[in-house]
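What follows is one structure encoded as structure tokens, with my remarks underneath.
The chain is numbered in sequence order, starting from 1.
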Amino acid sequence: MNRRTNYSKYCIRTCFVIFVAIFILLTEWLCFTLNVFDFRHVFDYKNHSMAQKDELKKESLEHKNEADQQTVTKKSRLSLVMVGDALFHSALYEDGKTEESYNYIELLSLMKPIISSYDLAFYNQESILGGRELGLSSYPRFNSPYEVGDAFLNAGFNMVSLANNHTLDCGEEAILNSVSYWKRKNIMFHGSASSFDERNQIKVMEKNGIRYTLLSYTDYTNDILVPKGKEYLVNVYNEEQVKKDIESVRGQTDVILVAMHFGEEYSFDVTERQREIAEFLASQGVTIVIGHHPHVVEPVEMIGDTLVIYSLGNFVSAQRGIEKLTGLIYSVDIVKEEENEGKKVYLENQMASLTYTYSETINGNRHNFKVYPYHQLTEELLPNWEEYYNQYINIVLSNLKDVEKW
């Protein structure tokens, strides 16, 4: 009886174990078949979740970059170099005379590598280019050959002021010849015109994404009256007209340059009249006031955001005296930043140096004129040149100490 009972219990336990084993095997088979508790599935879900988070981070970063790009400024830059008067006397005319015409390329050969490296290059054509057909003349009524302009264009100059105290020297015909000459060149010029319509069509040009214009005025006409009804022949300074000119281009340009013929001849000091005009131009939002007339250098200063160069002196002349043969060469970068809120224009990298018009005296006459950067002079060319350099550059920078010297 006991043996039978024990056997029965054994069979029941064995069957239960077998049933449990079969149940476990069936359950595991079903789990793997249906991907239930599949560890790879778990890892894939985890990876998918991480990928989703990465994608969200990426989208968030992209949105941030887009927002940043909307505030990042677009920066444009123009380099500008400025020199003073081109005043051609008889000695200079004769020095450039050839068998058939005139040639002044060699006169500016040392300056060409410097001038042509800038985007914009300015000078004042003091003696009018009326052409040989009117007869060349010197002081006190100047008239120059067109070849003078050719040489300056060849050297890289592309901005010319035509309004000065000698514009009216040889009358209306010389002015019309001059304007006709410059109109054939693809450069910026201002100060004389052949009609009121032409005078009022102020040119705006663009380079490197910056729009610019040049206005030119003179405070003197050597007491020569402007022909009545033909005031377009030369721009005589007048606050009302200047303001009107500036307003006519304000919305079309980023940079307004004003060439101003003012001051006292052969004086290193700024006059009250110069300062009054400079302050008015600054109040009108002029970027740079480019001064000439004194035939010697004068100080440079900032009036608010406006750079004022009171006198660049002579760039080319045959006048006597070291101070009249020395001119200022001044360069600056004009920078425009654009953003959502608008734009701003400012100046960087202001630099100043000097030039010297050299000539040799042979049999009592002056020959072989050439414009030298001061740093290329020698004691043979100009004794004590370093002393002269320090004397005149200190006058220029007496009001601005942070300008770099070349």
Side-chain angles (χ1 to χ4, degrees), residues 76 78 80 82 119-120 122-125 158-165 167 179 182 187-221 226 231-263 270 272-293 300-312 330 332-338 342-347:
S76 305
L78 264 180
L80 166 67
M82 297 159 281
D119 296 316
L120 303 178
F122 168 93
Y123 87 102
N124 169 49
Q125 184 57 56
N158 51 22
M159 302 187 83
V160 185
S161 173
L162 302 182
N164 58 67
N165 62 312
T167 303
V179 171
W182 291 111
I187 66 162
M188 178 73 74
F189 70 92
H190 195 252
S192 289
S194 58
S195 69
F196 281 114
D197 286 342
E198 187 176 274
R199 187 223 173 281
N200 293 330
Q201 293 174 0
I202 299 172
K203 184 183 290 187
V204 175
M205 300 181 76
E206 182 175 334
K207 191 162 190 176
N208 300 348
I210 298 179
R211 296 168 300 169
Y212 62 94
T213 192
L214 172 70
L215 303 175
S216 174
Y217 308 93
T218 180
D219 207 29
Y220 312 100
T221 61
V226 181
E231 290 79 8
Y232 52 81
L233 291 174
V234 59
N235 290 344
V236 178
Y237 179 82
N238 173 284
E239 280 192 3
E240 183 180 348
Q241 183 62 56
V242 171
K243 187 173 183 179
K244 183 179 178 181
D245 290 343
I246 291 173
E247 288 302 321
S248 72
V249 296
R250 192 183 298 280
Q252 306 171 40
T253 186
D254 303 306
V255 176
I256 299 174
L257 307 175
V258 173
M260 194 64 232
H261 206 73
F262 61 176
V270 177
E272 290 185 12
R273 173 67 171 168
Q274 281 175 287
R275 199 171 300 279
E276 174 190 319
I277 292 174
E279 288 177 354
F280 172 76
L281 294 173
S283 74
Q284 299 304 303
V286 171
T287 312
I288 304 175
V289 177
I290 310 172
H292 35 86
H293 174 63
V300 174
E301 68 178 15
M302 297 294 298
I303 298 180
D305 295 326
T306 302
L307 170 63
V308 180
I309 304 169
Y310 284 104
S311 176
L312 288 156
Y330 203 91
V332 63
D333 283 351
I334 301 168
V335 183
K336 181 177 77 169
E337 287 188 359
E338 299 173 88
K343 69 176 182 182
K344 63 178 179 179
V345 175
Y346 56 92
L347 305 177

> Which is it for Lys203 and His190 under the side chain to side chain contact (heavy atoms under 4.5 Å, CB included) test, yes or no, and what are the steps along the way?
Replying inline: CA-CA 8 Å; Lys203 184 183 290 187; His190 195 252; over 6 Å; no
> Where do Gln201 and Asp197 land on the side chain to side chain donor-acceptor pair (under 3.5 Å) test, with the steps shown first?
Replying inline: CA-CA 6 Å; Gln201 293 174 0; Asp197 286 342; 6.0 Å; no
> Yes or no on side chain to side chain contact (heavy atoms under 4.5 Å, CB included) for Ile334 and Leu347, after CA distance, side-chain angles and deciding distance?
Replying inline: CA-CA 5 Å; Ile334 301 168; Leu347 305 177; 3.8 Å; yes
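Between the side chain of Ser161 and the backbone N or O of Ser216 there is no donor-acceptor pair closer than 3.5 Å. Put simply, the side chain of Lys336 gets close to the backbone of Gly209: a donor and an acceptor are under 3.5 Å apart. For the pair Ser311 (side chain) and Gly291 (backbone), a donor-acceptor distance under 3.5 Å is absent. A distance-only check finds a donor-acceptor pair linking the side chain of Thr167 to the backbone of Leu162 [under 3.5 Å]. Judged by distance alone, the side chain of Asn164 and the main-chain N or O of Gln125 form a donor-acceptor pair under 3.5 Å. Counting only distance, with no hydrogens or angles, the side chain of Asn208 and the backbone of Ile210 share no donor-acceptor pair below 3.5 Å. One N or O on the side chain of Asn158 and one on the backbone of Asp119 form a donor-acceptor pair closer than 3.5 Å. Looking only at distances, a side-chain donor or acceptor of Arg211 sits under 3.5 Å from a matching main-chain atom of Gln252.
Other residues, nucleotides and ligands place no more than 12 heavy atoms under 6.0 Å from the NZ atom of Lys244.
Minimum heavy-atom separation, Met260 to Val289: CB-CG1, 4.1 Å. Nearest heavy atoms, Val179 versus Ser194: CG1-N, 4.2 Å. Here the closest heavy-atom approach between residue Ala282 and residue Ile303 is recorded as CB-CG2, 3.8 Å. Ile246 approaches Ile256 most closely through the heavy-atom pair CG2-CD1, 3.8 Å. Considering all non-hydrogen atoms of both residues, Leu78 and Tyr212 come closest at CD1-CD2, 4.0 Å. Here the shortest heavy-atom pairing between Phe262 and His293 reads O-CB, 3.4 Å.
Using a 4.5 Å heavy-atom cutoff, the side chains of Leu312 and Asn124 are not in contact. Within the 4.5 Å cutoff, side-chain heavy atoms of Arg275 are placed close to those of Glu301. You'll find the side chain of Leu281 reaches within 4.5 Å of the side chain of Val242, heavy atoms only. In this structure the side chain of Gln274 never reaches within 4.5 angstrom of the side chain of Val308, judged on heavy atoms. Within the 4.5 Å cutoff, the side chain of Tyr330 has heavy atoms near those of the Leu307 side chain. Between Ile288 and Met82 the shortest side-chain heavy-atom distance falls below 4.5 Å. Within the 4.5 Å cutoff, no side-chain heavy atoms of Val160 are placed close to those of Phe122. In this structure, the side chains of Gln284 and Lys243 come closer than 4.5 Å at one or more pairs of heavy atoms.
To the nearest 0.5 Å, atom OG1 of residue Thr253 and atom CD of residue Glu206 are 9.5 Å apart. Distance check, rounded to the nearest 0.5 Å: CG of Leu120 to NZ of Lys207 gives 6.5 Å. One finds the CG atom of Leu214 at 6.5 Å from the CE atom of Met188 (value rounded to the nearest 0.5 Å). We find the CG-CG distance between Asn238 and Asp219 to be 10.5 Å, quoted to the nearest 0.5 Å.
The pair Arg250-Glu247 counts as a salt bridge, with a side-chain nitrogen and a carboxylate oxygen less than 4.0 angstrom apart. Residues Glu276 and Arg273 are paired through a salt bridge, judged by an N-O separation under 4.0 Å between the basic side chain and the carboxylate.
Ring geometry for Tyr217 versus Tyr237: interplanar angle over 60°, hence perpendicular rather than tilted (30 to 60°). The aromatic rings of His292 and His261 are tilted relative to each other, their planes meeting at an angle between 30° and 60°.
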